[in-house]
Amino acid sequence: MTTSCKALAGALILSIVLAPPLALAKTPVATGTGGAVATISEKASESALAILNKGGNAIDAAVAAAATLGVTDPFSCGIGGGGFMVIYLAKDKRVITIDHRETAPSSFSPAVFQENGKAIDFDTAVASGAAVGVPGTVRGWHEALQRYGTMSFKQVLAPAIDVATRGFPVSETFHKLTAENERKFQLFTSTSQLYLRNGKAVPTGTVLKNPDMAKAYREIAARGYKAFYEGPMAQAMVDAVNRPPLAKGAQVRPGTMSLADLANYEARIRQPIRSTYRGYDVYGMPLPSSGGIAVAEALNILEGYDLKNLPRPNVEHLYLEASRLAFADRNAYLADPEYVDAPVDGILSKQFAAQRRSLIRPDKAAGVVPAGDAFLYENDQSFPLRPQQKLIQEGTHTTHLTVSDKEGNVVSYTFTIESWGGSGIVVPGYGFLLNNEMTDFDFTGPAPNIPEAGKRPRSSMAPTIVMKDGKPAFSIGSPGGATIITTVLQTIVNHIDLGMSMDKAIDAPRLSQRNARETSVEPGFIGTQQAKGLENFGHKWETSPAPEEIGAANAIVFNPDGTVTAVSEGHRHGIGTALVQKRGH
Ligand code: GLU
């Protein structure tokens with residue numbers, strides 16, 4: 001059977017029936033005594049809890065939740081993309097990270113997104129084979145399970161296979177995202193067959209099944225990660241990238257991915273970024289994500305202020321200015337560390353933070369600021385960023401989830417296919433969308449984050465685990481492109497400095513300053529007392545294009561009395577689901 005015939009056959013099996021309206025209320029906050037999980041998807045949180053209840057650990061449960069999110073939230077994540085996982089291993093008392101970011105195919109060059117030396121239009125780049133990086137998710141899950149898990153692919157993929165086979169009710173958010181991406185999805189036959197009906201988004205309440213994705217998961221369950229990176233599934237991906245399954249008359253830029261690109265993909269075990277903030281140890285994701293470094297630099301800057309004793313507008317002004325400075329440095333220096341010598345120790349040094357802090361005016365917002373000279377601080381020994389023990393090994397797209405178990409292991413995991421719906425290309429016969437992660441590169445240089453063969457584009461994902469006195473205090477992370485950094489930073493400041501409980505810290509209006517003249521805010525913010533308080537400092541708000549919401553955070557708080565509280569969004573992104581184990585497990 002040819003690839004397109006397979007696609008057609010897959011689409012014909014796809015069945016749709018109308019489900020009764022959702023009856024159960026979601027639970028964005030839950031406190032218990034064993035393991036805990038918070039994700040944006042009810043089914044994904046249920047999958048994680050089922051694995052914890054079967055005796056799996058947090059790593060097993062995180063992969064189970066992620067695989068289910070790939071079914072229920074396929075426009076933000078899945079096996080066609082990549083991600084970053086931060087894991088606290090309770091027995092070893094150490095934090096490790098797994099970088100399974102997508103890589104540029106070996107044919108890539110700085111000119112991929114240029115025409116006549118000029119950057120091509122962003123949307124044209126997104127919906128293309130050229131935007132697709134070699135997916136890292138399956139290899140990342142393999143490393144996580146093999147090194148730190150207790151269960152097999154077969155066990156942890158079972159709940160997701162069940163959801164893909166039986167189907168799940170299309171939520172309002174799912175419907176809205178499909179509708180917003182109709183034009184992109186219409187370009188590709190495999191995608192419109194799966195997610196559109198007569199070219200339109202399937203209505204809310206429809207039960208959507210994805211037997212092709214169930215098949216892809218079953219093959220991985222049977223043969224491990226090689227089922228994805230070699231053989232028929234790898235060939236189907238290469239075909240979809242190099243000769244996208246185009247609708248009649250549609251045109252997109254093809255890619256040039258090879259079977260060798262897939263077979264050679266590796267996840268990297270990397271040491272976390274560790275920084276300190278007011279007695280807490282903050283562990284975050286290192287390069288190629290800029291998330292951990294930017295959050296740490298901004299916290300270092302903020303640590304020089306007595307935020308607890310300042311009025312809230314002053315605290316928020318300083319938060320915005322610290323974020324502005326951290327973004328200037330992020331943009332100037334950070335990229336894949338295997339290609340670029342970024343001055344990471346300099347950026348993370350407390351002395352550099354003091355120098356950057358001295359530029360902040362307590363009464364006035366700055367405009368766009370230049371980067372500091374972080375190379376000058378490379379030898380700063382005031383805070384050598386070395387782990388205490390030697391490690392054994394080293395828009396609001398995207399999704400973040402977090403899981404803990406009764407042994408005290410914690411996973412903070414952000415993964416993505418980049419834009420909503422990624423490149424828009426569903427792999428024929430396998431039911432998953434391919435990423436457009438290569439558009440995270442800068443399209444023109446000179447810049448450290450320029451496209452190169454085999455390189456990983458700079459990310460903003462910031463899965464974070466915060467420790468106090470050697471024990472987990474809380475985990476936090478969010479989707480949202482570059483606003484991930486500000487959401488994580490603001491939630492930490494809300495929780496630690498403004499003393500908000502985690503649900504309030506997550507619920508609070510989000511403000512995102514990324515070294516621009518204007519700060520991004522959510523609808524309804526402009527005109528509030530909070531906004532006016534900040535306007536007195538000269539802060540201006542981004543009005544076009546204004547984001548509908550910023551981020552969709554998930555957190556777990558480890559309470560001093562030994563209980564654990566999982567916290568998801570109480571109003572954003574259709575409300576998330578927090579679940580916990582109770583005594584007895
Ligand atoms: N591709 C983005 C990153 O790696 C995440 C996508 C998003 O959240 O919008 O930072």
Peer 1: Using side-chain heavy atoms (C-beta onward) and a distance below 4.5 Å, is Y339 in contact with P288?
Peer 2: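 No, every pair of side-chain atoms sits at 4.5 Å or beyond.
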Peer 1: Do the side chains of V95 and D281 get nearer than 4.5 Å, heavy atoms only?
Peer 2: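 Not in contact.
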Peer 1: Within this structure, what is the CE-OG1 distance for the pair M461 and T399, rounded to the nearest 0.5 Å?
Peer 2: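 If we round to the nearest 0.5 Å, M461:CE and T399:OG1 are 11.0 Å apart.
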Peer 1: At what distance, to the nearest 0.5 angstrom, does OH of Y283 lie from CZ of R94?
Peer 2: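 The CZ atom of R94 is 10.5 Å from OH of Y283, to the nearest 0.5 Å.
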Peer 1: For D73 and H573, what are the C-alpha separation, side-chain angles and deciding distance, and is it a side chain to side chain contact (heavy atoms under 4.5 Å, CB included)?
Peer 2: CA-CA 11 Å; D73 289 60; H573 209 78; 4.2 Å; yes
Peer 1: First locate atom CZ of R268, then atom OG1 of T103, and finally report the distance between them rounded to the nearest 0.5 Å.
Peer 2: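 It comes to 8.5 Å.
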Peer 1: Would one find more than 12 heavy atoms of other residues, nucleotides or ligands at under 6.0 Å from atom NZ of K154?
Peer 2: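 Atom NZ in K154 is not crowded, with 12 or fewer foreign heavy atoms closer than 6.0 Å.
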Peer 1: For residues I417 and L434, determine if any side-chain heavy atom of one lies less than 4.5 Å from a side-chain heavy atom of the other.
Peer 2: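 Side-chain contact under 4.5 Å: no.
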Peer 1: Taking S568 for the side chain and T39 for the main chain, is one N or O donor matched with an acceptor at less than 3.5 Å?
Peer 2: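 Yes; judged by distance alone, with no hydrogens or angles, the pair exists.
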Peer 1: Should the ring pair F75 and Y195 be called parallel, tilted or perpendicular, given that the plane angle runs from 0 to 90° and is split at 30 and 60?
Peer 2: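 Rings of F75 and Y195: perpendicular, over 60°.
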Peer 1: Could you tell me whether the side chain of I273 reaches within less than 4.5 Å of the side chain of V344, counting heavy atoms only?
Peer 2: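 Sidechains of I273 and V344: in contact.
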Peer 1: Tell me whether the centres of the aromatic rings in F228 and F432 are closer together than 6.0 Å.
Peer 2: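 Yes: the rings meet the under 6.0 Å criterion.
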Peer 1: Only one of I425, V427, D261, V132 clears side-chain contact (heavy atoms from CB on, under 4.5 Å) with M237; which?
Peer 2: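 Testing M237 for a side-chain contact (heavy atoms from CB on, under 4.5 Å) against I425, V427, D261, V132 leaves exactly one candidate, V427.
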Peer 1: Backbone N or O of E338 within a donor-acceptor pair of the D336 side chain at under 3.5 Å?
Peer 2: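 Here the side-chain-to-backbone pair exists.
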Peer 1: Keeping the roles fixed (side chain from N449, backbone from A335), state whether a donor-acceptor pair exists under 3.5 Å.
Peer 2: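 Not a single qualifying donor-acceptor pair exists.
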Peer 1: What residue among L307, L299, I492 forms side-chain contact (heavy atoms from CB on, under 4.5 Å) with R278?
Peer 2: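 That would be L307.
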Peer 1: Can you list the residues that meet the ring-ring contact (aromatic ring centres under 6.0 Å, His included) rule with Y217, with sequence neighbours excluded?
Peer 2: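 With neighbours one apart ignored, the set is empty.
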Peer 1: Does any non-hydrogen side-chain atom of Y277 lie less than 4.5 Å from one of D497?
Peer 2: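 Yes, side chains in contact.
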Peer 1: Do any side-chain atoms of residues 161-169 form donor-acceptor pairs under 3.5 angstrom with protein atoms, and if so which ones, sequence neighbours left out?
Peer 2:
residue, atom, partner, partner atom, Å
D162, OD1, R166, NE, 2.9
D162, OD2, R166, NE, 3.1
T165, OG1, I161, O, 2.6

Peer 1: Look at the side chain of E418 and the backbone N and O of E437, then say whether any donor-acceptor pair between them is shorter than 3.5 Å.
Peer 2: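 It does not hold such a pair.
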Peer 1: Any chance you could measure H175, atom NE2, to L208, atom CG, to the nearest 0.5 Å?
Peer 2: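 These two atoms lie 13.0 Å from each other.
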Peer 1: Do T414 and F84 come close enough that some side-chain heavy atom pair is under 4.5 Å?
Peer 2: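 No, every pair of side-chain atoms sits at 4.5 Å or beyond.
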Peer 1: Return yes if some donor-acceptor pair links the side-chain N/O of R270 with the main-chain N/O of M285 below 3.5 Å, else return no.
Peer 2: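 Looks like no, no N/O pair under 3.5 Å.
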Peer 1: How far does OG of S501 sit from CG of N494, to the nearest 0.5 angstrom?
Peer 2: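 Going from the OG atom of S501 to the CG atom of N494 covers 10.0 Å.
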Peer 1: Taking the side chain as every heavy atom from C-beta outward, state whether I485 and R330 have any atom pair closer than 4.5 Å.
Peer 2: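 Contact flag for I485/R330 side chains = yes.
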Peer 1: Treating E42 as the side-chain partner and T577 as the backbone partner, does any N or O pair qualify as donor plus acceptor under 3.5 Å?
Peer 2: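 Here the side-chain-to-backbone pair does not exist.
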Peer 1: Tell me, with the steps shown, if S512 and R510 meet side-chain hydrogen bond (donor to acceptor under 3.5 Å, both in side chains).
Peer 2: CA-CA 7 Å; S512 179; R510 297 212 171 111; over 6 Å; no
Peer 1: Any donor and acceptor pair, going by atom type alone, linking the side chain of S323 with main-chain N or O of Y319 inside 3.5 Å?
Peer 2: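 No; judged by distance alone, with no hydrogens or angles, the pair does not exist.
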Peer 1: Quick check: closest heavy atoms across A322 and A298, and the distance to 0.1 Å?
Peer 2: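 For A322 versus A298, the nearest heavy atoms are CB-O, 3.9 Å.
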Peer 1: Between P28 and D503, is any pair of side-chain heavy atoms under 4.5 Å apart?
Peer 2: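 The answer is no, as the side chains (C-beta and beyond) never meet within the 4.5 Å cut-off.
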Peer 1: Got a second to check how far T276's OG1 is from L348's CG, nearest 0.5 Å?
Peer 2: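 Separation between the atoms: 10.5 Å.
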